[in-house]
Amino acid sequence: MATDPLLERLATQAWPKPIGDHPAPAPGQLWRAAWEGVIALVVVLDAPAGRTVYVAAASSESTGDETAVEVETTNSMRVVVWPSVSSEIMMCTLDHRIGDLTEASLQSLRQPMGAS
């Protein structure tokens with residue numbers, strides 16, 4: 001019985017589960033955040049503190065200023081993140097995990113913030 005080569009390749013990718021993929025927030029995760037009709041992309045920068053989590057704004061558009069950093073997820077998505085546009089938000093606003101940044105991308109975000 002032959003299998004489909006495309007399905008085999010797709011099965012090896014680390015794709016988040018679309019409906020129930022709601023793990024505990026961790027640094028380097030890309031999330032869809034939603035609150036009272038406002039929806040945004042955010043990257044988690046630090047581990048949660050109580051009921052809040054520290055995030056930076058992100059966009060799927062490849063535009064930005066001198067503070068913008070282009071990053072890549074482990075499933076090859078590219079987004080632009082603004083470490084300078086960051087804030088603590090309530091964890092309940094994290095609606096859906098979209099993916100995880102590569103280690104190199106996470107490090108590139110930490111450099112402008114002065115983290116080691």
Side-chain angles (χ1 to χ4, degrees):
M1 178 177 194
T3 59
D4 184 341
L6 177 59
L7 290 176
E8 287 177 356
R9 283 192 305 249
L10 289 173
T12 65
Q13 297 294 313
W15 300 101
K17 295 178 182 77
I19 303 229
D21 196 21
H22 202 280
Q29 292 175 339
L30 176 66
W31 283 81
R32 175 184 185 263
W35 183 255
E36 295 184 354
V38 177
I39 297 172
L41 286 177
V42 297
V43 171
V44 176
L45 298 176
D46 285 324
R51 295 173 37 196
T52 63
V53 63
Y54 190 61
V55 299
S59 173
S60 60
E61 299 296 321
S62 60
T63 59
D65 59 15
E66 65 279 353
T67 64
V69 178
E70 186 174 17
V71 297
E72 185 174 6
T73 65
T74 56
N75 54 2
S76 301
M77 292 178 59
R78 291 189 177 275
V79 296
V80 174
V81 180
W82 286 270
S84 62
V85 181
S86 56
S87 181
E88 283 189 9
I89 63 172
M90 297 299 293
M91 283 197 320
C92 65
T93 64
L94 297 178
D95 184 46
H96 173 73
R97 182 179 65 115
I98 297 171
D100 299 313
L101 300 187
T102 64
E103 186 60 35
S105 289
L106 182 56
Q107 291 305 320
S108 71
L109 280 181
R110 288 182 171 158
Q111 287 173 351
M113 296 171 48
S116 54

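Numbering of residues begins at 1 and proceeds along the displayed sequence. Computation of the quantities below employed the complete heavy-atom set of this structure, encompassing side-chain atoms and omitting hydrogens, waters and symmetry-equivalent molecules.
Of all the heavy atoms in W82 and A58, the pair that sits closest is CZ3-C, 4.1 Å. Of all the heavy atoms in T67 and P83, the pair that sits closest is O-CD, 3.3 Å. Closest of all the heavy-atom pairs between L45 and V55 is CD1-C, 3.9 Å. The minimum heavy-atom distance linking E61 with S59 is given by the pair N-OG, 3.0 Å.
With hydrogens and angles disregarded, a donor-acceptor distance shorter than 3.5 Å links the side chain of S105 to the backbone of E72.
Sequence neighbours left out, the pairs with a member in residues 26-42 that pass salt bridge (Lys or Arg N to Asp or Glu O under 4.0 Å) are R32-D95.
Rounding to the nearest 0.5 angstrom, the gap separating the CG atom in D100 from the CH2 atom in W31 is 9.5 Å. Taken to the nearest 0.5 Å, the CG atom of L41 stands 4.5 Å off from the CD1 atom of I98. Note: T102 OG1 to M77 CE = 13.0 Å, rounded to the nearest 0.5 Å. Atom CD of E103 is separated from atom OG1 of T74 by 11.5 Å, given to the nearest 0.5 angstrom. Annotation: the span from I39 atom CD1 to H96 atom NE2 amounts to 12.0 Å, rounded to 0.5 Å. Annotation: the span from M91 atom CE to T52 atom OG1 amounts to 8.0 Å, rounded to 0.5 Å.
Put simply, the side chain of Y54 does not reach to within 4.5 Å of the side chain of P27, judged on heavy atoms. Contact annotation: the side chain of V42 approaches that of L94 to within less than 4.5 Å [non-hydrogen atoms, C-beta and beyond]. Between S108 and V71 the shortest side-chain heavy-atom distance falls below 4.5 Å.
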